[in-house]
Amino acid sequence: MTTDRKQEQREEARAEDPASGPLTTDQGVAVDHTDDSLAAGERGPTLMEDFHFREKLTHFDHERIPERVVHARGAGAYGYFEPYESCAEFTRAAFLQDPSVRTPVFVRFSTVQGPKGSADTVRDVRGFATKFYTSEGNYDLVGNNFPVFFIQDGIKFPDFVHAVKPEPDTDMPTGASAHDTLWDFVSLQPETLHAIMWLMSDRAIPRSYRMMQGFGVHTFRFVNEAGRGTFVKFHWKPKLGAHSLVWDEAQECQGRDPDFNRRDLWDAIEAGEYPEWELGVQLVPEEDEFAFDFDLLDATKIIPEEQVPVRPIGRMVLNRNPDNFFAETEQVAFHTANVVPGIDFTNDPLLQARNFSYLDTQLIRLGGPNFTQIPVNRPIAPVRTNQRDGYHQSRIHRGTNYSENSLGAGCPAVSGADGHAYTHYAERVDGAKIRRRSPSFQDHYSQAALFWHSMADWEKEHIVSAFRFELGKVNALAVRARTVEELTHVNTELAQEVARGVGVPVPDGGQEPGPHKSASPALSLEALPGDGSIRTRQIAVLVTDGVDAAQVTSVREALAAEGAIVEAIAPTDGEVTGADGEKYQVDRALPTVAAVLYDAVLVPGGPVGTPAVAQDPDAVRFVRDAYRHGKPVGALGSGVGVLTPVVPDGVRVSAQTGSVVADQGVVTDPAPGAAGEEFVREFTRAVAAHRHWDRPQVRI
Ligand code: HDE
């Protein structure tokens with residue numbers, strides 16, 4: 001957000017605040033002076049009677065609350081959800097009945113491993129938690145951007161989290177999964193392998209929260225008016241498609257802009273480019289519970305979309321940033337057990353554990369049982385309970401506080417059988433008390449292999465290189481070797497490629513789950529290219545004094561008309577003088593930015609400008625990095641001369657004025673003056689494709 005816009009907002013907030021006026025104490029007493037404490041003489045000791053000083057310092061001393069034990073770092077936004085049509089056939093949930101009814105939502109995206117102050121672009125799962133403020137109470141869909149989890153039973157969650165969090169002696173590494181204890185755990189727990197394949201894929205380094213899928217992970221249950229249950233898996237699909245960074249870029253981003261993902265979300269919403277997802281469901285009739293070669297209750301398994309298609313049921317739009325990070329994004333409390341009539345649980349042992357854990361953690365994190373009264377957590381449905389008192393109670397309850405009563409006119413009365421109350425699905429349960437995993441949970445390799453076989457070649461390359469990086473950071477060679485051994489059960493080629501990179505014996509292989517060579521094309525990032533637009537893509541145009549201004553202006557206008565965000569970047573801030581002698585405003589100074597912060601780069605020409613760009617090592621690095629990270633790179637006029645030395649053999653560059661060449665995302669036209677239509681069309685197409693993996697010398 002620009003400083004002007006922020007200032008405007010501050011002023012609006014002041015004007016709207018009924019309490020605007022002079023500074024006061026918490027008791028409303030006006031304060032005359034807040035820069036010096038009350039002291040006995042100018043150089044004397046501070047006096048205890050300075051109640052303003054004591055109140056100010058005491059409150060400050062208590063400003064922190066514990067951060068979330070996992071998912072500590074996040075970003076949130078408000079918006080709405082609307083169904084496409086009534087889902088009454090499957091669920092009686094009120095918010096899924098009427099396309100004309102918009103349900104308000106709050107969504108929080110997060111990383112899992114790192115603390116609140118860690119960087120955004122680490123290799124990690126991303127949380128995707130949605131609170132629907134429905135007319136029947138709050139419904140929380142607390143999902144992730146992977147459709148599977150690392151463990152099958154919640155009792156192992158503390159072990160898994162201890163293993164992935166920083167090691168207990170050094171408190172290192174921050175935000176990262178490349179370390180001994182995680183891989184020790186992985187190598188000993190084959191059930192982690194499927195989620196580990198996702199973690200090693202580019203899904204674990206999303207370009208943007210706006211370009212990320214979300215999944216409910218567990219199999220839940222829809223229940224309709226007649227009480228019939230249907231198994232359901234939830235999917236969020238981003239309108240902009242699913243896109244990721246490359247690891248080299250993600251690592252640099254951690255330093256260049258640790259807030260890369262949350263800034264992107266914030267800025268898009270401020271600019272009115274509201275992110276949008278489609279909610280889809282996979283529905284399985286109860287009678288088909290055992291129709292799969294995996295268990296529907298096992299959260300380490302997907303239902304391949306080719307087997308049960310995802311049926312779109314509605315869309316969600318995020319259109320408002322929070323006013324206060326702490327009050328809203330930090331204090332929001334999600335809970336898997338926050339369900340509404342028409343949505344119920346299954347016996348997935350991971351889900352059952354979560355239904356205990358979220359409330360438990362919030363009691364400590366938010367300091368007591370009344371956190372549901374915090375504005376971001378408050379339902380829009382009326383709340384009438386007999387729960388009373390406790391820390392931070394802010395409601396003034398009247399009347400009786402027990403059920404049943406006659407003295408309070410029987411209020412609040414239970415809804416009974418009037419049809420509006422939540423009634424638990426009457427699933428028949430019968431079993432001995434045992435601690436034993438079901439045999440139907442035992443196949444840990446088939447779906448890890450399915451994932452591998454579903455990847456495009458470039459995705460496979462990225463996965464191998466991620467394993468090499470991660471295991472290469474593991475000090476215990478036995479752990480590296482044991483992990484490679486586990487990978488032989490997924491795919492021989494994968495295991496061998498990883499082994500070669502991390503210095504452990506190359507296994508023979510041949511242990512793959514034979515019959516499972518099939519692929520699920522929906523698992524590849526290529527399956528979600530987006531709507532083909534270049535809206536909100538960030539494009540850097542490198543300019544210096546003497547730049548061909550007609551070129552910059554024409555290309556800028558054309559790309560901006562397609563919704564891209566184009567920024568002129570010069571060696572210093574302020575203005576540059578174009579070849580026409582006019583002054584042009586610079587958006588950013590080169591030392592403050594880097595190619596990793598942009599989606600594409602363009603080098604315009606100019607009789608004076610271009611040689612200066614070509615001689616500026618920072619500018620050349622900018623272009624080279626963009627090229628090596630597979631990003632679209634364009635050059636016009638004499639700018640082509642800057643690009644040519646950067647682009648390796650095997651990529652064609654135009655040498656002829658007026659002839660536009662577009663090859664593997666490198667688009668060139670040596671013609672001076674305003675950019676032609678063909679150049680703009682080709683460059684736009686290259687940007688819409690996001691990345692160009694097949695070009696030589698891509699650095700992943
Ligand atoms: Fe969570 N998880 N989780 N988790 N989880 C938390 O709740 C837990 C799991 C997820 O933005 C905690 O309020 C257990 C799966 C998200 O505020 C905690 C188990 C999935 C968020 C907790 C799981 C998730 C959390 C920490 C295994 C994807 C962030 C703070 C049984 C479907 C929500 C908090 C936000 C947060 C427990 C596994 C997603 C401790 C015990 C599977 C998106 O309660």
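Along the sequence shown, residues carry numbers from 1. Start at 1 and go down the list; that is how both ligands and their atoms are numbered.
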Assess the residue pair Ile343 and Tyr139 against the criterion (side-chain contact (heavy atoms from CB on, under 4.5 Å)); give the C-alpha distance rounded to whole Å, side-chain angles, the decisive distance to 0.1 Å, and a yes or no.
CA-CA 9 Å; Ile343 301 181; Tyr139 168 52; 3.7 Å; yes
Distance-only, no hydrogens or angles: does the Asp140 side chain make a donor-acceptor pair with backbone N or O of Lys131 under 3.5 Å?
no
Contact region, Val217 to ligand 1, non-hydrogen atoms below 4.0 Å, reads side chain
Counting only nitrogen or oxygen atoms and a 3.5 angstrom limit, does His218 reach ligand 1?
no
Under 4.0 Å, heavy atoms only, figure out whether ligand 1 is touched by the backbone of Phe157, its side chain, both or neither.
side chain
Donor-acceptor pair, distance only, cut-off 3.5 Å: does the side chain of Gln97 make one with the backbone of Ala93?
yes
Arg68 versus ligand 1: do any nitrogen or oxygen atoms come within less than 3.5 Å of each other?
yes
Does the residue Gly143 have a heavy-atom contact with ligand 1, meaning some pair of atoms that are separated by less than 4.0 Å?
yes
For ligand 1, is there an atom lying under 4.0 Å from some heavy atom of Gly216?
yes
Would Val122 and Gln113 satisfy side-chain contact (heavy atoms from CB on, under 4.5 Å), going step by step from the backbone distance to the final call?
CA-CA 9 Å; Val122 293; Gln113 196 261 20; over 6 Å; no
Kindly identify the option in Phe160, Tyr358, Phe149 whose heavy atom sits closest to atom 4 (N) of ligand 1.
Tyr358
Ligand 1-proximal atoms of Val142, by part, heavy-atom distance under 4.0 Å:
both
